[in-house]
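Working notes for the structure below.
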Amino acid sequence: KSKINYEEFFKKYLPDLQQKGSKYWACCCFHSEQKPSLCVDVNLGLWRCFGACNEGGDAIKFYEKYFSVSFSEAVQAIAEMYDFELEMSDEEREFRDDCNKIYELNKIVADKAMDILEGDEEAWNYVTKIRGISPKMIEIFKIGRGGNVPVTEGTIKAGLVGQKNGKYFTYLRNNRILFPRFNEYGKIISFTGRLFTDEDWAKYLHLPDTQVYSKSDNLYGLYQAKKYIKHFKSAILVEGQIDCIKCHQKGFVNTVALDGLRISDAQVNQLKKYTSTFYICVEDSAILTPNAENDTALDLLYKNIKHFIPYAKVYVIDLRKQDGSKCDPDMYLSELTKEEFKDLIQHAHIYNEFLINEKIKNINPKNIEVKNACIKSLIPILVGIQSYMD
């Protein structure tokens, strides 16, 4: 940090930065405003927005936020800017270089896959007509079509090529639509392939974990949604990637996908940086079926969120049809209007209220035994409520 010329550094990104007294002021580059609210101390290298975003920190934090990069990437970029050689072990340098090579390779594969999709009538029709995904969403989420990948050390490290019985094979072949998976900072770290032909293969295929990707740590759509999650102060949680994309397409841009309604510790902590309010989409009754410990998938999802964010507000959006049959966001938004989905969100029940309503639904109040059993099943829910926010 001692190498940074702070006045020069901040003026590079805040061209309207002007001195007023001992401090410098500019319009905040992280939200829209007419009057300057971002204050910079060029002696200490600290900044603070006193406006809508209320963010602040040092020069490294500013660079992280401005370019949506990680802390280590920000440090490396600023070091290069001031010709400062970072001390790094050979192992650390090798690891960093390997990660960068995977990022570059994945971007090449994604760009090529998008070109292949556009030139493949069957795949293009599947994405745009059968699944109803717009060209704009194809561009935003970098959707493509699979194809052969050469066997190299790089493609093996990136998880694009596997080996079975001594033979190498491409995971994401030309019978799959490719959904690139971005990390929080916009780097493509892996892919999911969705079958679009009638062949007898697994419908979805996730690539193996690599040094830049772990499925349990990654939230699909977070990179595209994070600024909107922060803006709307809430996140919509859906199960699948196409559900996520269709929500964005309809204007619900604060949506992320969990790849099934399970959430890891790392995923909760990622979301924690942006919001403490969550709307969980329930597609069918499977998520409400108790396991051996009498927990449902919805219970486990709720408990994990509350474990890391005790003050979280968790709502449930019930998408099931009147007869209880499955209806995911993709189906719902295809059949009904944006306004109807918006109304569903606005009238979503808080988690415990949803559970209570589920318990008392279709209960015959004249049947004493049934009513008593229902009351007993409600006791654990009521005892577990610790505050009005629950």
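Just so you know, these numbers come straight off a predicted model, no measurement behind them.
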**Request:** Could you please spell out the steps behind the salt bridge (charged side-chain N to carboxylate O under 4.0 Å, His left out) verdict for Glu358 and Arg320?
**Result:** CA-CA 12 Å; Glu358 279 294 300; Arg320 293 172 298 172; 2.7 Å; yes
**Asked** According to the salt bridge (Lys or Arg N to Asp or Glu O under 4.0 Å) rule, which pairs have a member within residues 259-281, sequence neighbours left out?
**Response** Arg181-Asp259, Glu184-Lys273
**Prompt:** Would you say the side-chain atoms of Lys246 pair up with the backbone N or O of Arg131, donor to acceptor, closer than 3.5 Å?
**Reply:** yes
**Asked** Applying salt bridge (Lys or Arg N to Asp or Glu O under 4.0 Å), which residue pairs with at least one partner in residues 206-234 are found, sequence neighbours left out?
**Response** Glu55-Lys230
**Side chain proximity check, His349 to Val316, heavy atoms < 4.5 angstrom** = no
**Message:** Between Arg145 and Trp124, is there a side-chain heavy-atom distance shorter than 4.5 Å?
**Reply:** no
**Asked** Taking only residues two or more places apart in sequence or in another chain, which ones pass side-chain contact (heavy atoms from CB on, under 4.5 Å) with Ile143?
**Response** Leu117, Ile133, Ile138, Phe141, Ile177, Phe179, Ile245
**Asked** Does a side chain donor of either Arg194 or Tyr126 reach within less than 3.5 Å of an acceptor in the other side chain?
**Response** yes
**Item:** Identified ring pair (Phe, Tyr, Trp, His ring centres under 6.0 Å) partner of Trp47 from the options Tyr13, Tyr6, Phe30
**Value:** Phe30
**Prompt:** side-chain contact (heavy atoms from CB on, under 4.5 Å) with Cys49: which of Pro36, Ser37, Cys29, Cys27?
**Reply:** Ser37
**Message:** Looking at every heavy atom in both Tyr171 and Leu205, which two are closest together, and how far apart are they?
**Reply:** O-CD2, 3.2 Å
**Prompt:** Side chains of Tyr351 and Asp299: do they bring a donor and an acceptor to under 3.5 Å?
**Reply:** yes
**Message:** Closer than 4.0 angstrom, basic N to acidic O: yes or no for Asp97 and Lys101?
**Reply:** no
